[in-house]
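Reminder, nothing fancy here: chain letters follow the sequence lines and each chain counts from 1.
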There are 4 protein chains.
Amino acid sequence: MVDRRIRKTRDALAEAVLALAAERDFASVTVADITRRAGIGYATFFRHYPGKDELLADVADLLIDELLGLMLPAFLADDTAGASLALCRFVDARRPICRALLAGGAEGRIRGEMIRRASARALALDLPQPTGLPATLIIAHAVSSITAMLGWWLEQGETMPAEVMAAVLDRLALAPIRSGG
Amino acid sequence: MVDRRIRKTRDALAEAVLALAAERDFASVTVADITRRAGIGYATFFRHYPGKDELLADVADLLIDELLGLMLPAFLADDTAGASLALCRFVDARRPICRALLAGGAEGRIRGEMIRRASARALALDLPQPTGLPATLIIAHAVSSITAMLGWWLEQGETMPAEVMAAVLDRLALAPIRSGG
Amino acid sequence: MVDRRIRKTRDALAEAVLALAAERDFASVTVADITRRAGIGYATFFRHYPGKDELLADVADLLIDELLGLMLPAFLADDTAGASLALCRFVDARRPICRALLAGGAEGRIRGEMIRRASARALALDLPQPTGLPATLIIAHAVSSITAMLGWWLEQGETMPAEVMAAVLDRLALAPIRSGG
Amino acid sequence: MVDRRIRKTRDALAEAVLALAAERDFASVTVADITRRAGIGYATFFRHYPGKDELLADVADLLIDELLGLMLPAFLADDTAGASLALCRFVDARRPICRALLAGGAEGRIRGEMIRRASARALALDLPQPTGLPATLIIAHAVSSITAMLGWWLEQGETMPAEVMAAVLDRLALAPIRSGG
DNA sequence: CTCTAATCGAGACGGTACGTCGCGTCTTACG
DNA sequence: CGTAAGACGCGACGTACCGTCTCGATTAGAG
């Protein structure tokens, strides 16, 4: 169905871009760096992606979708603590890739993409706003705060357990959304 | 004391970079764009700044310092609502420049710079951590959440008054830092 | 074997640099002038040559080699008159290119290159020095005198036939090397 | 008469340009190099000379005039050997400056200037051409050959006495002009 | 098992922006 | 109040990447 060569090339690109984004500022990573690392031809890159940003987005998309799918149910059930915990365990189990996406120079793009996708989902669900605040504002707050704190967490090494981090996340970023009002 | 020509050139550069950062993605702004807008020679730019990022940082620094100086007293007095209000009024009174810094493509850099400076100040003050959480984590959360929400606010036009925004900011980002524990 | 695109680009560059060197002072010719004339991209130039001097040298090299190959046999056979005549006819048949190389601002570089190559050849041949003078001195004299006179000749237009010029060349520059001693 | 300060500045410039021309390629010497070396202000340079070429020309002019004045009498008296000897002794007595002018990157300009001035003198004198050859051609030959050989000589260090060099010069460059015909 | 079309590597190319350097002019702070 | 110091506009330089393109060589998967 899908040519095996294509899959192989894309996998190599994904691995390469993550490795490079993890080890230095994403803006300074060039397409040639990626292709060299992936062991593929320079022009071949553009047969798959229009640019490095799109490659990164493609790599991140799966993760973001998975993550949102994981958090939304708990969040909608007002179980912000559960959502936080699910999130932190998810991230903890994928430290290298999350580190690449959240603690490198790519963070800005990732956050933007997450806000976009979360807003789209919220719009599609047409959820009620018990807090009386615009959904896009809440999302901007939640996503920004969470990605910032996760980035901080991942930069600390393995010093703080997922459960503790989840509690912090919940207390500072998620619970305030529900409480009060 | 300082050559008048130098001041004039720097002022022109500051004005130009703000105008350009406001009207489109900062990453797509070139040094040539800035110098053209400022009416100065291309090479002259580099006699003042190593690159456009540094120019932006220089422009933002004053604002950031002023802003931190404004918020800190209220924040340290546990008056997060007062700090929020001071912040929103400050921003409201400087919409164009804040919009350029927070709602354009420059947002990532500005946030990074703010986190850096705020962390430095916190370290210098050696403030007690009543919440038991690391200062750098709190700052990452607060700065990220606040800049994200302020960016959202500035993008909405003048639809929401500063007082309302301040309440939101306080409830979602600042108050949670103090409360609980 | 050699990429056809490369050959095409180099040919275009060679044509362009000769045309420009012929019509004005070589020092005032810029790389951009050359690439514009050749119809190639500016950066492409540097994929082929480190600078305009090297391009000119490359263009001149073929000619110089051919010319040295033409003169040496007669010269070594003590037939300086024959060598002069061969030289003048050779130049006469290639007036435009020789004019570009000898009567423009490129003259200094060309002379230097000729001295270098001729010295290398002389060294390789390890020829006896019947005159008792160092080969490099003789070469400096011969090349300088000849290029100067040829430059003068080419600037006069077609007023003096090759045979006459050859006689002058022989009498002033070449014959004195052999005679006496 | 002439402001002493002006003379002092010019002398400093002359000294500086000669020193720099001697120690490296003249084309790579910048005006800032010269002024730094001379210990004068950058802008001051342009109050005295339009550019570094003109400074060099000014410095060389005196020498060239002196030299031509020295050689001409002997040359016009058909005493080419005497002219050669006068020349070589003159140069030998001023090795550093001559080296700077003849063996550095300035050689091309100096030769051009010498040809120009010698041609002007020849034209002014309206001397008969016993050889039947155009004066400008002879001058081109003589000046080029001589400067080339002197450059070679100066580069050898002090290995060859002026008298020997003069004999070579006479035999290869000057005598052939007179002899034959 | 073959053949045919898609995919690949390699890398030349036209561009755009960069940051540097030197020039020659013009202003300005300072002695 | 003149002058050195140096900021400035200008323009060429050489570099780095981008995204497009043309080559053959290889290889997958349909017939």
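- At least one side-chain heavy atom of D:His48 sits less than 4.5 Å from a side-chain heavy atom of D:Thr44.
- Note that OH of B:Tyr42 is 8.5 Å distant from CZ of B:Phe45, once rounded to the nearest 0.5 Å.
- Map A:Arg4 and C:Arg36 each onto its nearest nucleotide of DNA chain F; the residue landing nearer the 5' end is C:Arg36.
- For the side-chain contact (heavy atoms from CB on, under 4.5 Å) with D:Glu113, the lone residue among D:Leu56, D:Ile64, D:Val143 that qualifies is D:Ile64.
- Nucleotide F:dG19 holds its P atom 11 Å from the CD1 atom of A:Ile34, rounded to whole Å.
- Note that CD1 of C:Ile110 and CE of C:Met114 are 9.0 Å apart. Values are rounded to the nearest 0.5 Å.
- To the nearest 0.5 Å, atoms CG (B:Leu13) and CD1 (B:Ile40) are separated by 4.0 Å.
- Of the candidate nucleotides E:dT7, F:dC18, E:dA12, E:dT7 has the atom lying nearest to any side-chain atom of A:Arg5.
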Review item, side-chain donor-acceptor pairs of residues 95-102 of chain B, under 3.5 Å, at least two apart:
from: B:Arg95; atom 1: NE; to: B:Asp92; atom 2: OD1; distance (Å): 2.8
from: B:Arg95; atom 1: NH1; to: B:Gly157; atom 2: O; distance (Å): 3.2
from: B:Arg99; atom 1: NH1; to: B:Leu154; atom 2: O; distance (Å): 2.4

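- For B:Asp3, taking side-chain heavy atoms from C-beta onward, the closest of the listed nucleotides E:dT7, E:dA29, E:dC13 is E:dA29.
- Following rounding to the nearest Å, D:Phe26 (CZ) and E:dG22 (P) show an atom-to-atom distance of 14 Å.
- Note: NZ (C:Lys8) to C1' (E:dG11) measures 17 Å, nearest angstrom.
- In this structure, B:Glu54 atom CD and E:dC18 atom P are separated by 13 Å, rounded to whole Å.
- Rounded to an integer number of Å, the gap from CG of B:Leu55 to P of E:dG19 is 12 Å.
- In this structure, B:Thr30 does not reach the E:dT16 phosphate: none of its side-chain N or O atoms is under 4.0 Å from OP1 or OP2.
- Atom CZ in A:Arg10 sits about 14 Å away from atom C1' in E:dC8, given to the nearest Å.
- Comparing the helix axis at one end of the helix from E:dC1-F:dG31 to E:dG31-F:dC1 with that at the other, each defined from 5 consecutive pairs, gives an inter-axis angle of 30° (nearest 10°).
- The salt bridge (charged side-chain N to carboxylate O under 4.0 Å, His left out) pairs that include a residue from residues 42-56 of chain A are A:Asp53-A:Arg109, where partners are two or more places apart or lie in different chains.
- Going from atom CG of B:Asp11 over to atom C1' of F:dA7 covers 15 Å, rounded to whole Å.
- Computed from coordinates, the A:Arg7 CZ to F:dG29 C1' distance equals 17 Å when rounded to whole Å.
- Judged as a salt bridge (charged side-chain N to carboxylate O under 4.0 Å, His left out), the pairs with a partner in residues 12-34 of chain D (not counting sequence neighbours) are, in order, D:Glu23-D:Arg37, D:Arg24-D:Asp33, D:Asp33-D:Arg36.
- In terms of the salt bridge (charged side-chain N to carboxylate O under 4.0 Å, His left out) criterion, residue partners of B:Asp61 (sequence neighbours excluded) are, by chain and number, B:Arg117.
- Near DNA chain E, defined here as any heavy-atom distance below 4.0 Å, the residues from residues 37-53 of chain C are C:Gly39, C:Ile40, C:Gly41, C:Ala43, C:Thr44, C:Arg47, C:His48, listed numerically.
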